[in-house]
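Just so we're on the same page: letters track the sequence lines, and every chain starts at 1.
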Amino acid sequence: MEELSSRYRPQDVEDKWRQHWEKNNLFHAVANPKKKPYSVVIPPPNVTGILHMGHALNNTLQDILIRYKRMKGFETLWMPGTDHAGIATQNVVEKQLAKEGKTRHDVSRKNFLERLWAWKKQYGDTIIHQLKKLGSSCDWQRTRFTMDDGYSKAVKTVFVKLYEKGLIYRGKYIINWCPRCHTALSDEEAEHQDHEGALYYIRYPLKDNPKETIIVATTRPETMLGDTAVAVNPKDKRYKKLIGKTIVLPLMEREIQIISDEFVDPAFGTGAVKVTPAHDPNDFEMGKRHNLEFINIFGPDAVLNENTKEFNGLDRFKGRETVIKKLKNLGLLEKIEKHSHAVGHCYRCDTIVEPYLSKQWFVKMAPLAKPALEVVKKGDIKFYPDRWTKVYLNWMENIRDWCISRQIWWGHRIPVWYCKSCGEEKFIVSQEEPKNCPHCNGKDLSQDEDVLDTWFSSWLWPFATLGWPDEEKDVKYFYPTSALFTAPEIIFFWVARMIMAGLEFQKNIPFTDVYLHGTVRDAKGRKMSKSLGNAIDPLEIIEEYGADALRFSLIMNSGQDLFISKEKFEIGRNFANKIWNASRLIFMNITEVDGKTLYKEFEQLDKKKLSLAEKWILSRLQTTIKKVGEAIEKYRFSEAENLIYDFIWKNFCDWYLEIAKNELKEKNAQVVTLYVLEQTLRMIHPFLPFLSEEIWQKIDAENGSIVTQPWPQYQKELVSQKIETELDQIIGLISALRNTRAQWRIANSAKIDCILQSSEEGVLKNLEKDKDMICALARVENITVQKKTVKPKEMAAGIAEKVKFYIPLEGIIDIAKERKRIDEHLDSLKASCQNLSERLENKDFLKKAPEQIVSKEKMRLKEMKEKIQELKKTLKDLS
RNA sequence: GGGCGAUUAGCUCAGUUGGUUAGAGCAUCUGAUUUACAUUCAGAGGGUCGGGGGUUCGAGUCCUCCAUUGCCCACCA
């Protein structure tokens, strides 16, 4: 076989295999009734996105399962695509415009959208290319975008259907308004952050007697300009007399009433609340209950408007300052207290959102939530880890209506038209643009200016990407999908809504499993972000260490949240190199067998005649295959990697290959070794796709790709606990010998001999058989195996499982030191022996513990006592 | 304010129905190279499992209180 470089160089191979896979269409899935489907939809990254560690983790997890299931024989579909990400993308292009000194209003809507599409065309595929570099085995020819023509049709269909069902309505309500993005946001899009703010206490004078005042407390004093009442609790004795009285609102000189409302908490602030129905959701409700006036004091950019007299034109924060200053001058500012409270921020630009009264479109959620609650309660959909179930249920049980209209241009235009002569109230909801008004037959129609929330398209992802509503074939076959992989932050935005949409429009759940992975953080625990400058670029890691190293390292030894520093990726790089070099060693020695004949040769081997090490590695391999498969199925990725790592590095390289090295001239050894390597490559392919393909191709270049090979089948008949124990005992002995050498500082080159003594015939027989192996691995020249006890003279001595060993060290050994060394070993043995015998003397233990445990412990005690006796004897003999 | 999680070696984490002397990787220390791999090998040190109390023959694992910490949700102005 060909010679390989002494280091694995991912840069040389990854592009090659990526192209090979794509060219041969290996990731393409088609509805195939003869096979079982396994499908996953990618959480569509934003078109603005570039690959970050969160994506790398998310897609690595998906790819592991996808590749595994594909090898397991499922018709496996991983549906890729991108999200138009309304506000986020619009912001990017607006920034570009800003550089030219323009706003979107300076160019027309049409021109602005053209720019956006151009931008999408130029940059929108960046993340797709980056996902490919990671090794993601998506069905790329199916790649979808949430603003594809077909996808638009799905969105319109859903809007119309929900409207016709009475689940979409339009109305004037308080919504979260981002004054920078100039749009409404849903409740989920307003992120609450704690703010160290202030509570301002303001005096409102009564009309009858201006010297008498009622004090209200507020965190947003500027909103007083829009106050249309003051409310107190009807039970509050302090204020009972004042209910119904009139106040002259300072600065505005507006007369407003003191009203009573149960909502008011007498214990908070002063127990009197200023009521601003147009700028606070509670006040809005109160306003409706008491028929108050709704005065809007802000324009769309949160600048005070003409309703605020002299304050007109001031920004909200400047307005706050000015209002406070003026109130202070009037002697109406009672006090300012520090007050920390949560303030909503726009999830796209982090601007503080303003509760804002405006006409928007909403989805009535309760009827959709009900079945979505049921399917999770019944267990039709499972969350991993399970604790997220509660989070989901809790949100669903308290669900609020969803504001879906956005005052931006990039997105799905709301499929609603207004007739100029009939007015806004008689709107037309339709998938197609209506030619004339159904009410008056008029032709002067205009479409609603707003677009839909991005998530109003994403929530259809699991079936809209499969061709719904036009094509049923793939929906029938691949829907419901199997698993969804995403971050917990997205449960409400996306996961919950997909479940609702799936149940509503497909009458079926969109997926059965939801796997929620953690957040990628830096070593200090901070979220990785560009602005913090602590982000590690996955592409840089791919460049330097390889995609496999990136993938493997991300998962290895990671908990729910991942703490990443650059060094972390060395583990994957080193591991890949280890596998590479093990393969090199094997290839350098293989002469009698090749990929074409391997399986046949292995079949024909007389397994009983194999060496201990060969039987051992075959048994270990099977155990590992079984456990890795189980771990993947249970989404225990880190565990699966640990199993793989231990098997390859410790079992296969450190022990098996070290033992087999000298015997690789024999055909049987070659067959076994190559077989284990080949099976191992298949086993690790989902985790290390490029490396496994590169090496596998060198074994079997004529058989296509490892991508479509079956994942190893667990073969129980190759497992033997007896064999595993036997070699494990030898390993124990060799380790003890090495340890002794190290303690006596005997150079590897120094020749030593060794006497192994045991009273058991079986053990002696095995030792005799495995003598050469022990010699080689413990670097011992000659081994004498004997039943007769030894009187050590100038010897180091010790005890391993059922075997005593002696190493003559004439002239080297210091008897006093050696006694001390053995003494220490003895002490630790005695300690655990003590512990054990106490337990076995406990009557309750003997009575209540299961028989199995008791007899096991008795065995152990017996063995330990024997060991102690032997060591004591050695110590006595030592002179 | 409510809910959820975490706390095990210097660091990152395993430890799945309670049952050997609590494991791994990294880091540290000691030593090794006529070659599969220094991205390596051998060996060593390092933990009263956050604290108190409890249940049990037996607790890292179950219960309870406390501490520290993280996350999510929430219309107390």
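- Whole-Å rounding puts the Arg779(A) CZ to C41(B) P distance at 14 Å.
- Each of Tyr635(A), Phe383(A), Trp388(A), Tyr384(A) was compared with Tyr515(A) under the ring-ring contact (aromatic ring centres under 6.0 Å, His included) criterion, and only Tyr635(A) meets it.
- In this model, the phosphate group of G43(B) is approached by a side-chain N or O of Ser735(A) to a distance below 4.0 Å at OP1 or OP2.
- Note on Arg839(A): every side-chain N or O is 4.0 Å or more away from OP1 and OP2 of U20(B).
- With distances taken from any side-chain atom of Arg387(A) to the nucleotides G43(B), C4(B), A77(B), the minimum falls on C4(B).
- Taking a pair to require two hydrogen-bonding distances under 3.5 Å in either a Watson-Crick or a G-U wobble arrangement, G25(B) pairs with C11(B).
- Leu249(A) and Met224(A) get closest at one heavy-atom pair: CD2-O, 3.2 Å.
- Side-chain atoms of Glu639(A) lie closest to U16(B) of the nucleotides C37(B), U16(B), A77(B).
- Distances were taken from every side-chain heavy atom of Asp265(A) (C-beta onward) to each of A36(B), A77(B), U12(B); the shortest belongs to A77(B).
- Nucleotide U69(B) has G5(B) as its partner under the Watson-Crick or G-U criteria, with both atom distances under 3.5 Å.
- Comparing the P positions of G45(B) and U64(B) gives a spacing of 39 Å, expressed to the nearest Å.
- His195(A) and His345(A) have their aromatic ring centers within a separation under 6.0 angstrom.
- Phosphate proximity of A38(B) to Lys578(A): absent, as no side-chain N or O sits under 4.0 Å from OP1 or OP2.
- The C1' atoms of G50(B) and G5(B) are separated by 15 Å, rounded to the nearest whole Å.
- When the C1' atom of C57(B) is taken as reference, atom CD of Glu851(A) falls 14 Å away, rounded to whole Å.
- Taking every side-chain heavy atom of Phe268(A) into account, C76(B) is the closest of A36(B), G19(B), C76(B).
- Taking 3.5 Å as the limit, the base of A36(B) and the side chain of Glu658(A) contain a donor-acceptor pair of atoms between them.
- With U21(B), A36(B), G25(B) as the candidates, the nucleotide lying closest to the side chain of Ile571(A) is G25(B).
- Rounded to whole angstrom, the span from the CG atom of Leu840(A) across to the P atom of U21(B) amounts to 11 Å.
- The residue Pro850(A) sits close to a base: some heavy atom pair falls under 4.0 Å.
- With Trp655(A) as the aromatic partner, Arg620(A) does not meet the cation-pi criteria of under 6.0 angstrom to the ring centre and within 45 degrees of the ring axis.
- Checking the phosphate oxygens (OP1, OP2) of C41(B), a side-chain nitrogen or oxygen of Trp649(A) falls inside 4.0 Å.
- In this structure, Arg636(A) atom CZ and A14(B) atom P are separated by 9 Å, rounded to whole Å.
- Comparing C11(B) with A36(B), their P atoms are spaced 39 Å from each other, to the whole Å.
- The interatomic distance linking Lys274(A) (NZ) with C76(B) (P) rounds to 16 Å, in whole Å.
- For the OP1/OP2 pair of A74(B) and a distance below 4.0 Å, the side-chain nitrogens and oxygens of Arg400(A) include at least one atom meeting the criterion.
- Rounded to whole Å, the distance from CD1 on Ile491(A) to P on G5(B) is 13 Å.
- Judged by Watson-Crick or G-U wobble contacts below 3.5 Å, the nucleotide U34(B) has no partner.
- Taking the P atoms as reference points, U35(B) lies 16 Å from U39(B), given to the whole Å.
- Put simply, His339(A) has no side-chain N or O that comes within less than 4.0 Å of OP1 or OP2 on C76(B).
- For the OP1/OP2 pair of U39(B) and a distance below 4.0 Å, the side-chain nitrogens and oxygens of Arg7(A) include at least one atom meeting the criterion.
- Figure legend. C76(B) is base-paired to no nucleotide; pairs are counted as Watson-Crick or G-U wobble with both atom distances under 3.5 Å.
- Of the candidate nucleotides C57(B), U16(B), G25(B), U16(B) has the atom nearest to the side chain of Lys634(A).
- Using a 4.0 Å heavy-atom distance criterion, Lys843(A) is classed as making no nucleic acid contact.
- Nucleic acid contact class of Ala747(A) (heavy atoms, under 4.0 Å, all strands): none.
- Residues Tyr173(A) and Tyr356(A) keep their aromatic ring centres 6.0 Å or farther apart.
- For the P atoms, the distance linking A14(B) with C62(B) amounts to 15 Å, nearest Å.
- When each of A74(B), U39(B), U21(B) is scored by its nearest atom to the side-chain atoms of Arg860(A), the top-ranked nucleotide is U21(B).
- Aromatic rings of Phe294(A) and Phe284(A) (six-membered ring for Trp) have centroids within the 6.0 Å cut-off, being under it.
- In this structure, the ring of Phe569(A) has its center no less than 6.0 angstrom from the ring center of Tyr545(A).
- Taking atom P in both U61(B) and U55(B), one finds a spacing of 15 Å when rounded to whole Å.
- Under 4.0 angstrom from either OP1 or OP2 of A32(B) there lies no side-chain N or O belonging to Arg745(A).
- The aromatic rings of Tyr656(A) and Phe652(A) lie parallel to each other, with less than 30° between the two planes, well short of the 60° mark.
- Pairing for U39(B) is absent, judged as Watson-Crick or G-U wobble with the two contacts each under 3.5 Å.
- Between Glu857(A) and Arg860(A) there is a salt bridge, with a side-chain nitrogen of the basic residue lying less than 4.0 Å from a carboxylate oxygen of the acidic one.
- Searching all strands for a Watson-Crick or G-U wobble partner of G45(B) with both distances below 3.5 Å returns nothing.
- Residue-level contact check: Phe492(A) touches the backbone only, with heavy atoms under 4.0 Å from sugar-phosphate atoms and none from bases.
- For U64(B), the paired nucleotide is G52(B), the pair qualifying as Watson-Crick or G-U wobble because both relevant distances are below 3.5 Å.
- Put simply, Asn739(A) has a side-chain N or O that comes within less than 4.0 Å of OP1 or OP2 on A44(B).
- Checking A77(B), C57(B), C41(B) against the side-chain heavy atoms of Asp654(A) singles out C41(B) as nearest.
- Put simply, CG on Asp194(A) is 13 Å from C1' on C71(B), counting in whole angstrom units.
- Closest approach to the Leu657(A) side chain among A36(B), A42(B), C4(B) is made by A36(B) (side chain taken as heavy atoms from C-beta onward).
- Atoms CG (Leu691(A)) and C1' (U39(B)) sit 13 Å apart, rounded to a whole Å.
- Among Lys566(A), Arg573(A), Gln11(A), the one residue that satisfies the side-chain hydrogen bond (donor to acceptor under 3.5 Å, both in side chains) test with Glu544(A) is Lys566(A).
- Among A42(B), A36(B), U39(B), the nucleotide with an atom closest to any side-chain atom of Arg584(A) is A36(B).
- Lys650(A) has a side-chain polar atom (N or O) that falls below the 4.0 Å cut-off from OP1 or OP2 of G25(B).
- U40(B) and C4(B) have their P atoms separated by 44 Å, with the value rounded to a whole Å.
- A donor-acceptor contact under 3.5 Å links the side chain of Asn282(A) to the base of C75(B).
- Within the shown strands, nothing qualifies as a pairing partner of U20(B) under the Watson-Crick or G-U definition with both distances less than 3.5 Å.
- One P atom belongs to A74(B), the other to C66(B), and the distance between them is 27 Å to the nearest Å.
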